[in-house]
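Below: the structure, in structure tokens.
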There are 2 protein chains.
Amino acid sequence: MSPETLGTPPTIADVARLAGVSKGAVSLALNDKPGVSEETRRRVKQVAEQLNWRPSIHARAMLRSRAFAVGLVLARDPRQLAVDPFFAGFLGGVESVLNGSGLVLVLQVVGEDADKEADSYRRLVRERRIDGAFLLDIRHEDQRPALLPALGLPAVAVGPAGMDCGRVPVVGIRDGDGIAAAVGHLVELGHRKIAFVEGAPAYRHSTSRLDAWRQAMRAHGLSADLHDAGHFTGQGGAAATRRLLRRRPTAIIYASDLMAIAGVSVAREAGLDVPRDLSVTGFDDNPEAAHLHPPLTTVRQDPVAVGAVAAELLLAQIDGRQATPESPAPQLIVRASTATPLPMR
Amino acid sequence: MSPETLGTPPTIADVARLAGVSKGAVSLALNDKPGVSEETRRRVKQVAEQLNWRPSIHARAMLRSRAFAVGLVLARDPRQLAVDPFFAGFLGGVESVLNGSGLVLVLQVVGEDADKEADSYRRLVRERRIDGAFLLDIRHEDQRPALLPALGLPAVAVGPAGMDCGRVPVVGIRDGDGIAAAVGHLVELGHRKIAFVEGAPAYRHSTSRLDAWRQAMRAHGLSADLHDAGHFTGQGGAAATRRLLRRRPTAIIYASDLMAIAGVSVAREAGLDVPRDLSVTGFDDNPEAAHLHPPLTTVRQDPVAVGAVAAELLLAQIDGRQATPESPAPQLIVRASTATPLPMR
DNA sequence: CTGAAAGCGCTAACAA
DNA sequence: TTGTTAGCGCTTTCAG
């Protein structure tokens, strides 16, 4: 085991002294810039390695006026973070590309307060803490797509494909395709009264799913009037299901697995068997989904891929490169919560 | 709306010029240090406000050799991040105390690779990116409790109460109490053959729960031989349940809700009704738990509180203050997946 | 090819 | 009470 540096970490001066060269030479040698002999470069690199030296990010940041970090601000109740498997996967995807880049992720979780959220971005920029930012959970009234360009901060938004974010490029989540696939699947099974439980209407990714349902229903010549909002919570999903059940749908599409799970419970309490009396589909493919009773038919996104794409796009933007990556299509995972409807009800 | 700073953010020199004083005076004025007149201080502050100026974190970092950031490295498969509601809540708690402190959270997700994990901490330290770190998911063979002190990095570990982490202070999760409560609850209902499905034995918080179950069983005069490992996954929980069911327990305690959910499905497929034929308890109180059928009896931790406590402790350590905060006790949430066992089986 | 020196934005220890 | 100055650790000139 190499001797870990205790106390003050080594500086470039230490490396220079031990290698018997000047600080400038060390810099050139380690950044693979011309101006030093191969012999010197080798020796310098070896000493640096041996000292376990890495340039101070702050010194570099001052010179290049770069922070070597990107930011992600989340305006959510911390307790609500857990309900969303998308976020965790997204983080993982982001990290997978950041890891090789020398940049680091700065995360802030502020409450559900749009002003705090904006202030958080402002502070990160003014303190020069980040070189770019991710925009998640885009709302209909959202100041961020205007704010970040005004701050001169490169940014990438994540939201439904086709979403308009002004000058901020968007990594499009094709969740509409997922909803359409769910509708198609149910129609094929013979369903015609297919209800929809929306998430929280303030969010773009909520209304976009509702719109996709409407559009798909109409495309199949079905009326799109059976819908209600469940706000992405278990409580909300249960309540929406209770209201919807009175109008006797044969299937319900939920905008999240959590709401679908709550819906299944409500249906069962009402004496309905899933899928015999009611077909149910979810959205997200939570880890639980495959292990429920019955296993939940749901739409699987690939949040890890989305995160990776978003990070690529942001890095490209920061470096002034061009890039327009594609985001993967969602996938309908057919399990046992959907079936042919009973012929008569 | 104030004019957002576009292009180069203002520096202390701009503030000084506009206020008609020297840079030094600005620094004193804004840090509320003596050495400037009230009159000057007021004017400087006003100009700074107007310019929307904040000191560059990097310049400050160089002088004080502080990064004004703390780190969290997670060695997990990104896809596995989502299975753990504890993590999300923890993050929220950490942020809630960081928000007021001027420090920021740097997050890294590396794969399940202990060496990458250690390198990640090393790099963060050598680049002076962080002033302290959180240690999560402590394993039995874990190099971090030795590494971080050796690196001179303040750290706080989160794990089962009583866990030994050498020189790294521990925020104790009293999950053992939660397991004991579950055992107590089941015993009170009349169960005697109570099985346990462990998580992943490599983790301290996994074996500590197993130990707690063993201890509680013995304290009630029951034998503690019905247990198996489910590795915190749905698949694993299902497999463990299948094996355990052959030995006819009347109740199973799971070390996570996800495993419990999978276990309920397996039981049902085996023709067992929960809770009539088999009582089941989980751990974590996932958002889904209350909305399952039947609603899941489970142990609720308060990850937000744990995160807040850990952050307080870390900040105190960084500032050289003393602090030994308490972490909250877990709570058994009794729902409908537990009941009196059938008199005969 | 190498070394010395300037300077990034700030704070702290100085003189004035 | 002020203004000036010397660095923090690094990169990037510019001379040698």
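Chain naming here is simple, since letters A, B, ... match the order of the sequence lines and numbering starts at 1 in each. Computed from a predicted model, the values in this text were never measured in an experiment.
- If you measure from atom CG of B:Asn31 to atom P of C:dA12, you get 7 Å, rounded to the nearest angstrom.
- Contacts of A:Ser37 with the nucleic acid, taken as non-hydrogen atoms under 4.0 Å apart, involve only primed sugar atoms and P, OP1 or OP2.
- Phosphate proximity of D:dG9 to B:Arg128: absent, as no side-chain N or O sits under 4.0 Å from OP1 or OP2.
- Checking A:Asp142, A:Leu148, A:Val170, A:Val158 one by one against A:Leu135, the side-chain contact (heavy atoms from CB on, under 4.5 Å) holds for a single residue, A:Leu148.
- Between B:Leu63 atom CG and C:dA13 atom P the separation is 11 Å, expressed in whole Å.
- A salt bridge between A:Arg122 and A:Asp115 is absent, with no side-chain N of the basic residue lying under 4.0 Å from a carboxylate O of the acidic one.
- Atoms CH2 (A:Trp53) and C1' (D:dC10) sit 8 Å apart, rounded to a whole Å.
- Nucleic acid contact for A:Val26: none, since no nucleic acid atom lies under 4.0 Å from a heavy atom of the residue.
- Residue B:Lys33 is classed as a sugar-phosphate contact, given heavy-atom separations below 4.0 Å to backbone atoms only.
- Applying the 4.0 Å criterion to OP1 and OP2 of D:dT11, one finds that A:Arg60 has a side-chain N or O inside that range.
- For the pair A:Ile12 CD1 and C:dC8 P, the interatomic distance rounds to 18 Å; values are reported in whole Å.
- With B:Phe68 as the aromatic partner, B:Arg60 meets the cation-pi criteria of under 6.0 angstrom to the ring centre and within 45 degrees of the ring axis.
- Between B:Thr11 and C:dG9 there is no side-chain N or O to OP1 or OP2 distance below 4.0 Å.
- Comparing B:Met62 and B:Thr40 along DNA chain D, the residue whose closest nucleotide (by nearest heavy atom) sits nearer the 5' end is B:Thr40.
- Shown here are the side chain to side chain contact (heavy atoms under 4.5 Å, CB included) partners of A:Val304, two or more places apart in sequence or in another chain: A:Asp302, B:Pro78, B:Arg79.
- Among B:Val106, B:Leu105, B:Val156, B:Leu153, the one residue that satisfies the side-chain contact (heavy atoms from CB on, under 4.5 Å) test with B:Val70 is B:Leu105.
- In this structure, NZ of A:Lys23 is placed 12 Å from C1' of D:dT12, rounded to the nearest angstrom.
- We find that CG of A:Asp32 is positioned 12 Å from P of D:dT11, with the value rounded to whole Å.
- Considering only side-chain atoms of B:Ser22, the nucleotide from D:dT2, D:dG3, C:dC10 that sits closest is D:dG3.
- Which of C:dG9, D:dT11, D:dG9 sits closest to the side chain of A:Pro55 comes down to D:dT11.
- The distance from atom CG of A:Leu30 to atom P of D:dC10 is 10 Å, rounded to the nearest whole Å.
- One can place CG of A:Leu28 at 12 Å from C1' of D:dC10, the figure rounded to the nearest angstrom.
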